Amino acid sequence: MACPAENLSCNVRDAKRVLSAAKRVVFLTGAGISAASGVPTFRGEGGYWRNRSVIALATPEAFDADPKIVWDWYLMRRQTIAARKPNAAHLAMANWAKAKRISRDIALFTQNVDGLHEAAGQPDVERLHGSLWVNRCTKCGKEREDRALEYAELPLSPCCKALERPGVVWFGERLPRCTMLKATVFVMACEAMVVVGTSGIVSTAADLIVTAHQRGAVVIDVNPEPDMVIADIHVDEPAEVALHLILT
Ligand code: ZN
């Protein structure tokens, strides 16, 4: 509902007021923030790619059985995303964080692996699910950034000359411990949490949101189809519209 005083919804005004006062702010983002950049969800046609289940491809077992087809799948995703640009939501968030971080604690945790927060200039992106643009040594676990869009041979690590794997979290794997620890510490102390483009159903995201809520933080849910019961403020606009309104 539009407030009479300004051409902004009451919820947008409430969110702006909360964020202007909060000294410790956590952002948590998911696929919805990248939708306006044209990043597909990569669930494939009916959940299949080259007659393989997309979910089954994103597993350590699939990589052990056939590393080439798993790399082909991830290289296809790199090729699709390479031409994509950060949208107004990524940029509003990055600019806000850069302008405000002198006087506040600001953290961003993302479930996305597309690298668009980094491309927008977001400081200190914490990736809960890894990155499409990172390779990991299968022997020692060391990671390195890699922007290759194709390989003549499967990639070998510079450290151990061992096969590299995509630096993402697969089904059945734990989220990076260090990042999860940081997320928990930030979330327990934050005054406001802005959840963007994620339903909060993925258990890790849900746990972080519940923790923030229980510790007294104001939870702001940015989602065109709000479904987060515990959010204090719902902004039911697409991320690229909502974040521009809230953060500028
Ligand atoms: Zn190594």
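One is the number of the first residue; the rest follow in order along the sequence. Please read all numbers here as calculations on a predicted model, not as lab measurements. Order of listing sets the numbers, starting from 1, for every ligand and every atom in it.
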* To do: In sequence, state the C-alpha distance, the side-chain angles, and the governing distance for Glu237 and Val12, and then conclude on side-chain contact (heavy atoms from CB on, under 4.5 Å).
  => CA-CA 10 Å; Glu237 300 277 357; Val12 168; 5.5 Å; no
* Structure fact -> In short, Arg127 meets Thr179 closest at the heavy-atom pair O-CG2, 3.7 Å
* Under the side-chain hydrogen bond (donor to acceptor under 3.5 Å, both in side chains) rule, what pairs show up with a residue in residues 160-172, not counting sequence neighbours? -> Tyr74-Trp170, Asn135-Glu164, Arg144-Glu164, Arg165-Glu173
* Structure fact -> Closest non-hydrogen atoms of Lys23 and Arg104, given as atom of the first, atom of the second and distance, are O-CB, 3.3 Å
* To do: Mind listing the protein N/O/S atoms less than 2.8 Å away from the Zn ion (ligand 1)? Waters don't count.
  => Cys137 SG, Cys140 SG, Cys159 SG, Cys160 SG
* Kindly assign one of parallel, tilted or perpendicular to the pair Trp73 and Trp49, based on the angle between their ring planes and the thresholds 30° and 60°. => tilted
* Kindly give the heavy-atom pair with the smallest separation between Gly141 and Arg136, and that separation in Å. => O-CG, 3.3 Å
